[in-house]
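Notes follow the structure.
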Amino acid sequence: MGQIVFIPREVDPNEPRVAASPETVKRLAGLGFDVIVEKGAGLGSRIPDQDFATAGAVIGKAADASKADVVLKVRRPSDAELKGYKSGAAVIAIMDPYGNDAAVAAMAKAGITAFSMEFMPRITRAQVMDVLSSQANLAGYQAVIDAAAEYDRALPMMMTAAGTVPAAKTFIMGVGVAGLQAIATARRLGAVVTATDVRPAVKEQVQSLGAKFLAVEDEEFKAAETAGGYAKEMSKEYQAKQAALTAEHIAKQDIVITTALIPGRPAPKLVSAAMVASMKPGSVIVDLAVERGGNVEGAVPGKVVTTENGVKIVGHLNVPGRVAASASLLYAKNLYAFLETMVDKAAKQLAIKRDDELVKATMLTDGGKVVHPNFAKAAEEPRVEPAAIPAKTMVADASGKKPAPKKKAAARSPSTKPEGTA
C-alpha cells in the first residue's frame, strides 16, 4: 500500500470549495499515492463522489484522516481536525496565519508539517502553484457579477427606438489580478471602466484592457513601485492629492470595486463615508477586502448594506467560493503542482526537501515547532495586529504575501499574473 493523500470535506459551512478534482486525483494516483476523499467533499463544487471514485479515489469518512501522510485542504484545519491527524503528516492549505498565532501554535503542537499556500514565492516555476492569483482572478470576475446583480440598471449602453440607456460607469480601485479581471469583466459587459493604482507599471495593463487609468502622475508616482513589483506607501502630500482626485471621481460612478490588501495588515481604507455619501442613489460598491477589515467605511462582512443615500455596499465573504465549481478546479491544480515537487518519482514517496525555496517560503510548522520566520515566536509571543492604513492612502497590493527577494521572473501576461499583486 502506498502513502495516503486525504481530501476532507471542509468543516466550515461557508466553504463550498474542495482541495481536489477528478483530474488531480488521477495524477496523485500516478505519483504513487492512495487517495481517500471524504464522502460529500466535492458536492459544494458540483463534483459528486462517483466522479472521484471513477478517477481512482476511495470514498471514505472524516476519521480516515488519521491514516493520511498528506492532507490537502482549502482552509486551515480546526483544532478538532488536528486531533485526528497523525504526527508528521504534511498538511497543505490556505492557512491565513496572520493574526492567528494561536492556530499556528496549535498546528505545531499537533506535530504536523503545515504549508501555507498563500506564501508561495512569486517566481516563474511557482506560477502554476499561485493560489492567490487563481482565486483572486475569480474573485475579480465575481465582484462584477455581484455588482451587476445589485445594480438595477443595464451595464452596457443600449440605443433603442425608445431612447438610449447610458453605460454604467465602473471604477476599479487596485489593479492586481482581481482588479485586472474586474476590469476585463466589466468591459465585456459593456461598462465604461476606469481604474487606479499607485504603481505606474499597471497603467499600460489597464489601458490594454480598454479602461482609463486614473492617478496623480507626478514624479513621486513614477517611483512608486518596489523592485519586487509591490506598491510603496506614498507621502502624505501625494495621498492628499490622490484622495482629492479619487473623491471627485467616485461621486460620478455607478459601480466601485475595491481590491486592496496588504500582507499581514488590516485592509487599507480607500473609500470614506463621505465618498459613499457623495454617490448617487442606486450606486453599488463591492468590497473584496471585507474579510480583512474592508476598504470601504460602512462595509459589513457577509452583508449587503444600503446606506441612507441609497448606495449598496456589498460585503460578501469568500468571494471565490461563490464560483466554487471553477475555483476548486484551479485550486486543486495549484495544490497538485506544489505536492508534485515534494515527491520522489523513483521511490513514489513523499520526500520533502527542506532546503527547496518553495518549501522554505511556505512551511509554517515542522517537527513540533513553528518554523516560518514570520511566525517563529507565535507560540510564546502573540502577534499584535497593526492599525489599518487610513482612508486617504491609495495602496493596491492584494497579494497577501511579503515582498519576494529581488529575482527577475519571466515576462507574463497582464491578464493572468501581474508582478506584486493578486
Side-chain angles (χ1 to χ4, degrees), residues 133-159 164-199 201-215 245-261 270-271 275-276 278-290 294-296 299 304 311-316 319-320 322-323 326-327 394 396 398 413-418 421-422:
S133 288
S134 74
Q135 303 304 290
N137 196 44
L138 288 167
Y141 160 83
Q142 186 63 33
V144 177
I145 301 303
D146 287 337
E150 298 293 343
Y151 184 64
D152 58 358
R153 299 172 180 82
L155 265 65
M157 183 180 76
M158 298 181 182
M159 300 181 71
T164 299
V165 176
K169 296 177 182 177
T170 301
F171 183 38
I172 312 299
M173 301 182 74
V175 188
V177 173
L180 285 170
Q181 185 56 249
I183 292 168
T185 303
R187 287 284 298 145
R188 290 187 198 108
L189 292 177
V192 173
V193 183
T194 52
T196 191
D197 196 296
V198 299
R199 293 167 302 126
V202 304
K203 179 179 180 178
E204 185 178 338
Q205 296 170 351
V206 168
Q207 293 173 334
S208 72
L209 292 172
K212 183 178 178 181
F213 189 71
L214 181 81
L245 178 64
T246 301
E248 180 183 357
H249 189 68
I250 283 178
K252 304 172 186 174
Q253 301 305 299
D254 300 302
I255 294 171
V256 175
I257 296 173
T258 67
T259 72
L261 288 172
L270 304 183
V271 181
M275 293 177 187
V276 176
S278 73
M279 296 179 74
K280 302 184 293 287
S283 301
V284 178
I285 305 174
V286 179
D287 189 342
L288 284 182
V290 72
N295 296 143
V296 182
V304 177
V311 176
K312 290 184 178 180
I313 304 176
V314 180
H316 292 313
V319 176
R322 293 173 63 78
V323 272
S326 297
M394 281 301 304
S413 167
S415 63
T416 56
K417 191 77 185 300
T421 63

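Treat the numbers as computed from the prediction; the structure is a model and nothing was measured.
- Using modelled atom types, one finds no donor on one side chain facing an acceptor on the other under 3.5 Å when comparing Glu204 with Ser208.
- Scanning all heavy atoms of the two residues, the minimum distance from Asp287 to Ala299 falls at OD2-CB, 3.5 Å.
- With rounding to the nearest 0.5 angstrom, the CZ atom of Arg187 is 11.5 Å from the CG atom of Leu155.
- Across all their heavy atoms, Ala182 and Val144 have their closest contact at O-CG2, 3.4 Å.
- Taking each heavy atom of Ala247 and Ser278 in turn, the nearest pair found is O-OG, 4.5 Å.
- From Asp254, atom CG reaches atom CD1 of Ile285 across 11.5 Å, with rounding to the nearest 0.5 Å.
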Exercise for the section: Take Met279 and Met275, measure what side-chain contact (heavy atoms from CB on, under 4.5 Å) needs, and give me the verdict at the end. Expected result: CA-CA 7 Å; Met279 296 179 74; Met275 293 177 187; over 6 Å; no
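- Val192 approaches Ala167 most closely through the heavy-atom pair CG2-CB, 3.8 Å.
- Contact record, His249 with Thr194: NE2-OG1, 2.7 Å, taken as the closest heavy-atom pair.
- Atoms CD and CD1, on Gln205 and Ile183 in that order, are 9.0 Å from each other to the nearest 0.5 Å.
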Practice task
Could you walk me through whether Val193 and Phe171 pass side-chain contact (heavy atoms from CB on, under 4.5 Å), step by step?
Solution key: CA-CA 6 Å; Val193 183; Phe171 183 38; over 6 Å; no
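- Summarising the geometry, atom CD1 belonging to Ile257 is positioned 12.0 Å from atom CG belonging to Asn295; distances are rounded to the nearest 0.5 Å.
- Side chains of Val165 and Met157 form no contact here, defined as non-hydrogen atoms less than 4.5 Å apart.
- No more than 12 heavy atoms of other residues, nucleotides or ligands lie within 6.0 Å of NZ in Lys212, so this atom counts as exposed by the packing criterion.
- In terms of modelled atom types and a separation under 3.5 Å, the side chain of Ser283 and the main chain of Lys280 share a donor-acceptor contact.
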Handout entry: Residue pair Met173, Val256: steps toward the side-chain contact (heavy atoms from CB on, under 4.5 Å) verdict
Key = CA-CA 7 Å; Met173 301 182 74; Val256 175; 3.9 Å; yes
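- Annotation: side chain of Leu180 is in contact with side chain of Leu209 (closest heavy-atom distance under 4.5 Å).
- Formation of a donor-acceptor pair under 3.5 Å by the Arg199 side chain with backbone atoms of Val175 is found in this model.
- Summarising the geometry, atom CD belonging to Glu248 is positioned 9.0 Å from atom CG belonging to Leu214; distances are rounded to the nearest 0.5 Å.
- Here the CZ-CG distance, from Arg322 to Asp146, works out to 4.0 Å after rounding to the nearest 0.5 Å.
- Panel note: side chain Thr259, backbone Leu288; no donor-acceptor pair is recorded below 3.5 Å.
- Annotation for His316 and Val290: closest pair O-CG1, 3.7 Å, computed over non-hydrogen atoms.
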Practice task
Assess whether side-chain contact (heavy atoms from CB on, under 4.5 Å) is satisfied between Val271 and Val276, documenting all intermediate values.
Solution key: CA-CA 7 Å; Val271 181; Val276 176; 3.7 Å; yes
